[in-house]
Asks: 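First the structure, then my questions, so here it is.
Counting convention: from 1, in listed order, for ligands and their atoms alike. As the structure is a prediction and not an experimental result, all values here were calculated from the model.
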Amino acid sequence: MLLKTDIKELSKYEFIVWLKSREIKPYRAGQVLKWIYLRQADTFDVMTDIKKEIRNRLSQHFIIHRLEKARIETSQDGSKKYLFKLCDGKYVESVLIPEKDHYTLCISSQVGCAQGCRFCLTGQGGFSRNLTKGEIIAQVRDVAADIGGQKRFSNIVMMGMGEPLANYSNVVEAIHVITEKDTGLGFSSRRVTVSTSGFVPKISDLGHETAVNLAVSLNATENKTRDMLMPINRKYPIEQLIKACENYPLMPRRKITVEYILIKGINDSEQDARRLAKLLRPIRAKINLIPFNSYEKSQFQRPEESVIQRFKDILTKTNYTAIVRYSKGQDICAACGQLRANMMPDSKSPCTTL
Ligand code: SAH
Ligand code: SF4
C-alpha cells in the first residue's frame, strides 16, 4: 500500500518541485494551496479550476489531513479547549480564548515538553515528540474551520504544550504558512507570538527568519531561583537570556513580552519586582504577570491578591507596562501551564478550579 503524504508537510517550493517532476505547471501549486488554506478544501476533487487529470494525480499521492478532535471542552468563561488525536495515537491540545473584541488561539509545538519546569503540568509529564510542521498548521486551520472561518480569531500565540524553539525548523516553516498572504492562512505576523522558556541559541534566528512577536518566560530575577524553577536556566542563565533579548531584531514600535509567573514566597517579593525592573532596562519590554495556576499535586501556590497588585505597582511606577493576566479556562484545565494532553480523552481533569 502506498502511504500518502499530508500535503501540508511540503513547503510551497517542495510542492513546485514535485509538480515540475511530473511536468505539471508550477502555478498549480498556488491554486491548490489557496484551496487548502483559504477555502478549507478537504479533497482535491472540489478544486474545480484544476484539470481532473491533475486532481487525480494529486489524490494518488497526497491527502489533506485534518486532526481528529478527540474532545472539545468549553469553559464557563467561553474558552474552548481542543484535544486533538494525532496519527500515531498521541494527543495535543489547543485553546481558543475569548478576549474583549477577538479570539486568541493558543497552539502547541510539541507533544509534552522536555524542559521540565517545576510549575508546569506539561513539563511534569515529560517529552514525547516534536509536532510536525503540518500538525502545527493544522491546529490553526482546523480550529478556524470549527468556528466558521479564521476571521473569527486574529491572534495566535505559541504558548501551548512544548518549547517552540526546541522544535525550531518545524515551527518556523509552520509560521511561514500561517502568515503567508496568498497561499497560506494569511494571519498578520504582528498578531503571532512565539513564547520561549529561554532557548537562547535560537532567539536571534527567530527574529531574523520571521516577523513574529517574541515572548520570554522569565519567571525569576535571580539565577538561583530560576535554576530551581526552570532547568533550562542552568544552560542559559538570566544574563545570556537578557543579552539575547537585547539583540533581538525588534520591529519599530514593538516590544518583547516578558512573562513572569507569580508564585507565593518564591518570586513575588518587592525586591523581586525592583530587580525585575532593573534587569529589563536594556530591553524594550512589556510585562505580563501570570498568577500561578494550580493543578493536582502542584507544589506551589498563588500569592495573595494584595501581593500581586503591589508587585505590579512597583513595575508601573518604574514606567513599565505591566498587566496581570488571569488565565482563562481554569475550570477545564486550559490555563497556562495546565495542558497535559497525554490524558485519555475521557479522563478526569487534574486541575483545581479557583
Ligand atoms: N514553553 C514555552 C511556551 C509554553 S508555556 C514557554 O515556557 O514560554 C506558556 C506560558 O505558561 C509560559 O509563560 C509559562 O511560564 C506559563 N506557565 C507554565 N506553567 C504555569 C502555571 N502553572 N501557572 C501559570 N503560568 C504557567
Ligand atoms: Fe515546557 Fe514552557 Fe512548560 Fe517550561 S513552561 S515545561 S518550557 S511548556
Asks: Starting from atom 18 (C) of ligand 1, which protein heavy atom do you reach first, and at what distance in Å?
Replies: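 Residue, atom and distance for the closest contact: Gly337 CA, 3.4 Å.
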Asks: Would you mind running through ligand 2 and noting each atom that sits below 4.0 Å from a heavy atom of Gly162?
Replies: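 Ligand 2 atoms under the 4.0 Å threshold to Gly162: 8 (S).
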Asks: Among all protein heavy atoms in this structure, tell me which lies nearest to atom 17 (N) of ligand 1, with the distance rounded to 0.1 Å.
Replies: Ile261 CD1, 3.5 Å
Asks: What protein heavy atom is closest to atom 9 (C) of ligand 1, reported as residue, atom name and distance in Å?
Replies: Met159 O, 3.4 Å
Asks: Tell me whether Lys8 contacts the main-chain N or O of Ile137 through its side chain, where contact means a donor paired with an acceptor under 3.5 Å.
Replies: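 No, the answer is negative, given that no donor and acceptor are paired below the 3.5 Å cut-off.
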Asks: For Cys113, state whether at least one heavy atom is located under 4.0 Å from any atom of ligand 1.
Replies: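 In this structure, Cys113 fails to qualify as a contact of ligand 1 - no heavy atom is under 4.0 Å.
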Asks: Any idea which protein heavy atom is nearest atom 2 (C) of ligand 1, and the distance to it?
Replies: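 Scanning the protein heavy atoms, the shortest distance from atom 2 (C) of ligand 1 goes to Ser195 O, 3.4 Å.
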Asks: Tell me, which protein residue and heavy-atom name are nearest atom 21 (C) of ligand 1, and how many Å apart are they?
Replies: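 For atom 21 (C) of ligand 1, the nearest protein heavy atom is Cys336 O, 3.4 Å.
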Asks: Are the side chain of Arg302 and the backbone of Phe292 linked by a donor-acceptor contact shorter than 3.5 Å?
Replies: yes
Asks: Which bit of Glu259 gets closer than 4.0 Å to ligand 1, counting heavy atoms only: side chain, backbone, both or neither?
Replies: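 Near ligand 1, Glu259 shows its side chain, while the N, CA, C and O stay back.
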Asks: Please state whether Gly162 comes within less than 4.0 angstrom of ligand 1, counting heavy atoms only.
Replies: yes
Asks: Among all protein heavy atoms, pick the one closest to atom 24 (C) of ligand 1 and tell me residue, atom and distance.
Replies: Asn293 ND2, 3.5 Å
Asks: So, Asn267 side chain and Asn219 main chain: donor-acceptor pair closer than 3.5 Å or not?
Replies: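 Pair found, side chain donor or acceptor close to backbone of Asn219.
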Asks: Cluster question for you: counting only ILVMFWY and a side-chain heavy-atom cut-off of under 4.5 Å, with indirect links fine, are Val200 and Val172 together?
Replies: yes
Asks: So which protein heavy atom does atom 12 (C) of ligand 1 come closest to, and at what separation?
Replies: Ser217 OG, 3.1 Å
Asks: Hey, is ligand 1 close enough to Tyr295 that some N/O pair sits below 3.5 Å?
Replies: no
Asks: Taking both backbone and side-chain atoms of Phe119, is any N or O found less than 3.5 Å from an N or O belonging to ligand 1?
Replies: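 Phe119 vs ligand 1: N/O contact under 3.5 Å present.
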Asks: For Cys113, take its heavy atoms, then give the atoms of ligand 2 lying under 4.0 Å from any of them.
Replies: 1 (Fe), 6 (S), 7 (S), 8 (S)
Asks: So, taking the atom named CD in Glu14 and the one named CD in Glu173, what distance separates them when rounded to the nearest 0.5 Å?
Replies: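 It comes to 7.0 Å.
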Asks: Using the side chain to side chain donor-acceptor pair (under 3.5 Å) rule, pick out the option among Ser195, Ser109, Ser197 that qualifies with Glu163.
Replies: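 Single side chain to side chain donor-acceptor pair (under 3.5 Å) partner of Glu163 among Ser195, Ser109, Ser197: Ser197.
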Asks: Tell me, please, whether Phe62 has Lys4 positioned over its six-membered ring: NZ or CZ under 6.0 Å from the ring centre and within 45 degrees of its axis?
Replies: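 Ring-cation test returns no.
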Asks: What residue and atom, counting heavy atoms only, is the protein's closest point to atom 15 (O) of ligand 1, and at what distance?
Replies: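 Checked against all protein heavy atoms, atom 15 (O) of ligand 1 sits closest to Asn219 ND2, 3.2 Å.
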Asks: Does the Asp77 side chain pair with the main chain of Gly329, one donor and one acceptor, at a distance under 3.5 Å?
Replies: yes
Asks: Run the side chain to side chain donor-acceptor pair (under 3.5 Å) check on Thr132 and Glu9 step by step: do they pass?
Replies: CA-CA 7 Å; Thr132 65; Glu9 299 296 349; 2.6 Å; yes
Asks: Could you list which atoms of ligand 2 come closer than 4.0 Å to a heavy atom of Ser197?
Replies: 7 (S)
Asks: I need the contact type for Cys117 against ligand 2. Using non-hydrogen atoms and a strict under-4.0 Å cut-off, is it side chain, backbone, both or neither?
Replies: both
